[in-house]
Amino acid sequence: MGAKEVEAAFVKLLDEKGVNAVVGKRCDVIKTGCRGLCANDVLVDIITPDQGRVTYDFVKPEEVEKIIDEHIVNKTIIEKRKAKPYYNQFVDAQMRVVMTGCGQIDPDSIEAYMEEDGFKAIEKCIKSMKPEDVIEEVKKSGLRGRGGGGFPTGMKWSFCKASPGDHKYLICNADEGDPGAFMDRSLLEGDPFCIIEGMMIAAYAIGCDFGYVYVRAEYPLAVQRLQHAIDICYEQGYLGKNIKGWNFDFDMRIKMGAGAFVCGEETALMASIEGHRGMSRPRPPFPAVRGLWGKPTNINNVETFGNVRHIINKGGDWYASLGTDTTKGTKIFAVTGKVKHTGLVEVPAGMKIREVIYDVCGGIANNRKFKAVQAGGPSGGCIPSDILDTPVDYDSLIKAGAMMGSGGLVVMDETTCMVDVSRFFLNFTRMESCGKCVPCRIGLKVMLDILERITEGRGEMSDIETLQDLGVAIKKASLCGLGQTAPNPILSTINYFREEYEAHIADKRCPSNCCKELLLWQVVEDKCVKCGACKKACPVDAIVWEKGQLAWLDKEKCTKCKSCYDACRFMAIE
Amino acid sequence: MSESVELKTEEQEPEIDISIADAVIDKYINISGNLMPVLQGIQDEYGYIPRVVADHIAERLNVYPSQIYGVLTFYAQFHLKPRGRFIIRVCVGTACHVQGAPRIVETFFDKLGIGHAETTPDLRYTFEKVACLGACGMAPLAMVNDSTYGSMTVQKVDDIVADYNQRPLK
Ligand SMILES: Cc1cc2nc3c(=O)[nH]c(=O)nc-3n(C[C@H](O)[C@H](O)[C@H](O)COP(=O)(O)O)c2cc1C
Ligand code: SF4
Ligand code: SF4
Ligand code: SF4
Ligand code: FES
Ligand code: FES
């Protein structure tokens, strides 16, 4: 937020003071490479020969002058403004492979990318490896698709390679529809050349001559950065015919999505590229056999392509040495919700969820109690506190009733209601259902109606059974992954948090003080510690509070916005 | 999530300059799968897809109008009615939901007097709920045109509306 202004302030003041320095573009949600610690924007690094790299956080444009005067001109680090130890902890506890470039290099500059061994991997492939060797190396690395399914990438490539056809397509899936995940966006915005190189390597290995990147409409900056990178590659001969005289052709184009979650599903995505409604179709035939415009097509996720050049550069064995038996390498997670430090976290597969949340991200915000973490978004499930030692790999997560999905981890505390979360996801999947098959189109709507009844206090005990039966039936009978996984969040919360459903139904009470229709709108006197936080939060002055007094909620004035509920750290408002 | 098709409002549509649409179509005419880029390009020009233009596209690309409307109504991105000067979008993705997005949405509804995917009669505001803008770290999130507002509160909604009420419509 405001990184553009901070950057402008640096450029202007450095100029005025005649200091010689380079302003690299860095951190900004709107403008660049994400460093992962998004909540503490704007982050600024100052690199000087004397002090090395120093990171400041929460920098505002007004402070830029001070930083320049003291740090750069007088060479004294402003200790007070330096990012606190948590920043180093946040960074040190991670292992960055795919994200090495993100937030470290200027995403608009091919020179910066070349300095980081850019295009070395594709050169190595073409000059010293046969396409089969490249696939073999990727197979050896154990890389599995990061788009959710976790299909072994090397194997997928070999299928498409084996498929007969003179013309083959390569697609990079950057639809990233899971609400709560944003690693693909960060990769495209922070290191677009790395994704291009990954696609070139895949194209060489499989024998594709044309690639599409299908980007979500909601990511205009990613589109802009990637387009810029593609343009530079064409100018400098890294894309097009006879690339760099290597006798290898590859063309690439961006396709913008138009706001439909189901288009992340591969067959719907291809229909969308062809200009139709994005509806799924039954498989087989798989895309490797009959894909885009009937031609053999290979489709992978952004992060999958992001891994490829590192595997080629450092070798499949090196990559396979990271992670667990079934999940190799690293995985990027978007950790959001009620944790102290939200952001992108890249860790070796197999790290325990507890470590990700507590050691890397600093634990739960506001001293509240941890309740669960939602993994895998609308197709995943919840992981409660007693199985927090589950390692983050594909198979362990599925066993726990969740899913790796795209890698969104939404942390929930005691104020998050699990019934409400289920209703939220179901509402999402129901709206995004393409409507082709009945179980998904109608079944999800029926489930949603039941959940709405429950959150409004009109549920019946038999509803829980009905939800489970419907859920299982929809999973079995739906055509594509959307319908097959949509009931997961509900089934998983019923499994782990059945008592919350029962409280809503039997006692007409929401244990997390979350469902509006079930709230009493009053302060519980023996829980209130008289801190006054609620009064500050209320936009309409409906809370009466004096120093040292219990708070009191004026129901006449209250607009039921629930701001005070979130502000109170003691769950004292019911 | 697409809005319903309201074709009755056609009479009120202002004069449409078809040549702008033609320029966009010419750009993509020889590319396979050009329907989406054409529609996206045309929406960029007019701000929405006017009905006469949709019919014109059908003619020029030689596809059935039903196919065009099929695509237009399937994707949330396309709009069949003119849109406001300021597009307010509130994220209702998972991270924003657990951090209180619903109250931000309701406060906007209340302040603007319109619902999801609706436009105020003076064409000042269009309001939309969107799923994840990809900046979940700053949840709950709102955007007005290209400006992002993080860590939203009900109070900030008031400030934003007050601010944009002051701005010129053109
Ligand atoms: C409803 C639905 C949504 C999906 N959304 C995405 C997505 O946003 N990004 C993605 O890479 N894969 C998504 N997938 C998975 C893709 O169909 C496909 O498996 C994946 O892109 C393959 O790439 P990978 O092998 O690299 O994982 C989705 C699947 C379904 C069923
Ligand atoms: S499961 Fe749902 S999204 Fe998938 S094809 Fe059927 S209706 Fe469409
Ligand atoms: S719910 Fe909202 S309006 Fe009501 S007392 Fe709490 S903060 Fe004030
Ligand atoms: S925030 Fe909670 S504890 Fe503090 S005064 Fe209000 S009700 Fe009491
Ligand atoms: S956007 Fe700045 S750290 Fe993520
Ligand atoms: S959930 Fe709101 S920005 Fe991602």
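Computation of the quantities below employed the complete heavy-atom set of this structure, encompassing side-chain atoms and omitting hydrogens, waters and symmetry-equivalent molecules.
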Legend entry - B:Gln99 and A:Lys338, any side-chain heavy atoms less than 4.5 Å apart: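 Sidechains of B:Gln99 and A:Lys338: in contact.
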Legend entry - Side chain proximity check, B:Gln67 to A:Arg277, heavy atoms < 4.5 angstrom: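 No - every pair of side-chain heavy atoms lies 4.5 Å or more apart.
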Indicate the atoms forming the closest heavy-atom contact of [X] with [Y], along with that distance.
X: B:Ala95; Y: A:Gly337; answer: CB-N, 4.4 Å
X: B:Phe74; Y: A:Val262; answer: CZ-CG1, 3.9 Å
X: A:Cys263; Y: B:Tyr75; answer: SG-CE2, 3.6 Å

Inset, instruction - Mind running side-chain contact (heavy atoms from CB on, under 4.5 Å) on B:His97 and A:Asp420 for me, showing each step along the way? - result: CA-CA 10 Å; B:His97 179 82; A:Asp420 177 63; 2.8 Å; yes
Legend entry - Closest-packed option against chain A by number of heavy-atom pairs under 4.5 Å, given B:Ile68, B:Val71, B:Leu39: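 Heavy-atom pair counts peak at B:Val71.
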Inset, instruction - Using a cut-off of under 4.5 Å on heavy-atom pairs, state which of B:Gln155, B:Met143, B:Arg103 scores highest against chain A. - result: B:Arg103
Inset, instruction - Name the option with the most non-hydrogen atom pairs under 4.5 Å to chain B; the candidates are A:Thr336, A:Leu292, A:Val335, A:Val421. - result: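 The candidate making the most pairs under 4.5 Å is A:Thr336.
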Inset, instruction - For B:Lys156, look at atom NZ and say whether over 12 heavy atoms of other residues, nucleotides or ligands are found less than 6.0 Å away. - result: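 For B:Lys156, atom NZ is crowded (more than 12 foreign heavy atoms under 6.0 Å).
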Given heavy-atom pairs under 4.5 angstrom as the criterion, report whether the side chain, backbone, both or neither of [X] touches chain B.
X: A:Ser563; value: both
X: A:Tyr565; value: neither
X: A:Cys434; value: both
X: A:Ala181; value: backbone
X: A:Arg253; value: side chain
X: A:Phe425; value: side chain

Rounded at 0.5 Å granularity, tell me how far [atom1] in [X] sits from [atom2] in [Y].
X: A:Ser272; Y: B:Leu35; atom1: OG; atom2: CG; result: 10.0 Å
X: B:Thr153; Y: A:Lys536; atom1: OG1; atom2: NZ; result: 13.5 Å
X: B:Glu106; Y: A:Lys516; atom1: CD; atom2: NZ; result: 4.0 Å
X: A:Met256; Y: B:Gln40; atom1: CE; atom2: CD; result: 5.0 Å

Legend entry - Region of B:Ile31 in contact with chain A, defined by heavy-atom distances below 4.5 Å: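 Contact with chain A: side chain only.
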